Amino acid sequence: MHTDINKLFESLWNDYVEMTPSAAKVHQLLSKGDTIINDHIALRTFNIEKVNLAVLSAHFEALGYVDCGDYNFEAKKLKAKHFEHPDATQPKVFISELLVEEFSDELQTIIKGLVTQIESSATRADNFLYSGRHWELDYTTYETLLAESEYAAWVAAFGYRANHFTVSINHLPGYTSILDVNETLKKGDFVLNSAGGEVKGSAEVLLEQSSTMADKIEVSFKDTQKEIPSCFYEFALRYPKSDGELYTGFVAASADKIFESTNAS
């Protein structure tokens, strides 16, 4: 496991930009040369013991991260937690897992078959969180998963890596509103996720979020190459709680719609 937190995020970012060519362009458009602060990253997995949420979070807990909240997504059959570091300048981490047993026997069999192909030692290796896919996958199997769960298909196709990074609008010079950020993105020809509206959340729930729709990239399957949705970029504006401190949690209803950024548009 990593001992250097900055190195871990740098490796996650480099892998993410490879999967998300538009991220570098968004970064350039919004930063105007300033440093962009990353609010959080998100990772996806299955709730199978070898690779479950606890296995992924152990990599962050080893670096001082602590569990700060639980979330349930009933319709998507997911559970999630978010983690924070004592050093508030470090990104928050949002990890979700698919409740595999709540799906059809066919999906369960496929997922278990993929996970069996992972070496247990690989899940503890330094690079696990940006190691990608550890299994063979043909396109028909991807489509079978997709018919039942977009999330399952995404993890099957992309494996272990950041599903998205998030620009902290609170730390973005020249912007005070999420609408201004969205306007800049649209003028730059980026397509925003409009599920539940372009802005998810509100000042009332202390968090506003928006995101681009995932890039489409060429992915190699066992039998073919196909262009499918990869990763996206998110934008978050946090509001102060009654004690004046910025809210650091997540809003399940908004996160539910953010998940749809990897749907085929």
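Remember, it's a predicted structure, so these values are computed and weren't measured experimentally.
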Calculate, to the nearest 0.5 Å, the distance between atoms [atom1] and [atom2] belonging to [X] and [Y] respectively.
X	Y	atom1	atom2	value
I41	T166	CD1	OG1	9.0 Å
K77	N72	NZ	CG	14.0 Å
S202	L237	OG	CG	11.0 Å
L146	N263	CG	CG	8.5 Å
N38	F9	CG	CZ	7.0 Å
E10	N6	CD	CG	8.5 Å

Assess whether atom [atom1] of [X] is packed by more than 12 heavy atoms of other residues, nucleotides or ligands within 6.0 Å.
X	atom1	answer
Q28	CD	no
E119	CD	no
E227	CD	yes

Show your reasoning for whether side-chain hydrogen bond (donor to acceptor under 3.5 Å, both in side chains) applies to S11 and N14.
CA-CA 5 Å; S11 301; N14 291 339; 5.7 Å; no

Heavy-atom pair of closest approach, residues [X] and [Y]:
X	Y	value
P86	G64	CD-O, 3.2 Å
N182	S210	OD1-OG, 2.7 Å
S22	F190	CB-CE2, 3.9 Å
C231	T20	CB-OG1, 3.1 Å
K81	D67	NZ-OD2, 2.8 Å
I258	Q209	CD1-CB, 4.0 Å

Whether [X] side chain and [Y] backbone form a donor-acceptor pair below 3.5 Å:
X	Y	answer
Y65	K92	no
S211	N193	no
H85	L63	yes
K50	V115	yes
Q117	E136	yes
R238	L207	no
S149	A152	yes
Y71	D256	no

Using a strict cut-off of less than 4.0 Å between a Lys/Arg side-chain nitrogen and an Asp/Glu carboxylate oxygen, indicate whether [X] and [Y] qualify as a salt bridge.
X	Y	result
K7	D126	no
E260	K76	yes
K79	D70	no
E198	K186	yes

Evaluate the side-chain proximity of [Y] to [X]: yes if any heavy-atom separation is below 4.5 Å, no if none is.
X	Y	answer
L8	L129	yes
V26	L185	yes
T141	F221	no
M19	R161	yes
T123	V51	yes

Find out if a path of hydrophobic residues (ILVMFWY) with successive side-chain heavy-atom gaps under 4.5 Å connects [X] to [Y].
X	Y	value
F73	L56	yes
V55	V66	no
M213	I228	no
F232	V167	no
Y247	L172	yes

Salt bridge (charged side-chain N to carboxylate O under 4.0 Å, His left out) partners for E150, two or more places apart
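Testing E150 for salt bridge (charged side-chain N to carboxylate O under 4.0 Å, His left out), a comparison that skips the adjacent residues, returns R44.
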
Apply the test side-chain hydrogen bond (donor to acceptor under 3.5 Å, both in side chains) to residues H82 and E84: give CA-CA distance (whole Å), side-chain angles for both, the deciding distance (0.1 Å), then the verdict.
CA-CA 7 Å; H82 98 265; E84 295 178 31; 2.7 Å; yes

Run the ring-centre check on F128 versus H134 and record whether the distance is less than 6.0 Å.
yes

How about F83 and F94: are their ring centroids closer than 6.0 Å?
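No: the rings miss the under 6.0 Å criterion.
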
Parallel, tilted or perpendicular for [X] and [Y], by the 30°/60° rule?
X	Y	answer
W135	Y160	perpendicular
W13	F165	perpendicular
Y16	Y233	perpendicular
H40	F250	perpendicular

Just one of T184, N170, D180 clears the side-chain hydrogen bond (donor to acceptor under 3.5 Å, both in side chains) bar with Y175, so which one?
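Result: among T184, N170, D180, T184 is the only option passing the side-chain hydrogen bond (donor to acceptor under 3.5 Å, both in side chains) with Y175.
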
Could you check L145 against Y142 for side chain to side chain contact (heavy atoms under 4.5 Å, CB included), going step by step and ending with a plain yes or no?
CA-CA 5 Å; L145 293 172; Y142 170 78; 5.8 Å; no

Distance-only donor-acceptor hits, side chain of residues 106-114, under 3.5 Å, sequence neighbours excluded:
| unit_1 | atom_1 | unit_2 | atom_2 | d |
| --- | --- | --- | --- | --- |
| Q108 | NE2 | E101 | O | 3.3 |
| Q108 | NE2 | F103 | O | 2.8 |
| T109 | OG1 | D105 | O | 2.8 |

Please test L30 against I36 for side chain to side chain contact (heavy atoms under 4.5 Å, CB included), starting from the C-alpha separation and ending with a verdict.
CA-CA 8 Å; L30 294 178; I36 281 190; 4.2 Å; yes

Test the K226-Y139 pair against the cation-pi criterion, namely NZ or CZ under 6.0 angstrom from the six-membered ring centroid and within 45° of the ring axis.
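Yes - K226 lies over the ring of Y139, closer than 6.0 Å to its centre and within 45° of its axis.
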
Tell me, with the steps shown, if V219 and R133 meet side chain to side chain contact (heavy atoms under 4.5 Å, CB included).
CA-CA 11 Å; V219 171; R133 199 162 83 201; 3.7 Å; yes

For S168 and D39, run side-chain hydrogen bond (donor to acceptor under 3.5 Å, both in side chains): C-alpha distance rounded to whole Å, both residues' side-chain angles, the deciding distance at 0.1 Å, then the answer.
CA-CA 5 Å; S168 167; D39 179 86; 4.7 Å; no

Side chain to side chain contact (heavy atoms under 4.5 Å, CB included) assessment of L99 paired with L78
CA-CA 6 Å; L99 307 175; L78 302 169; 5.8 Å; no

With sequence neighbours left out, what residues match S104 under side-chain hydrogen bond (donor to acceptor under 3.5 Å, both in side chains)?
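If we apply the side-chain hydrogen bond (donor to acceptor under 3.5 Å, both in side chains) test to S104, skipping adjacent residues, the hits are E148.
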
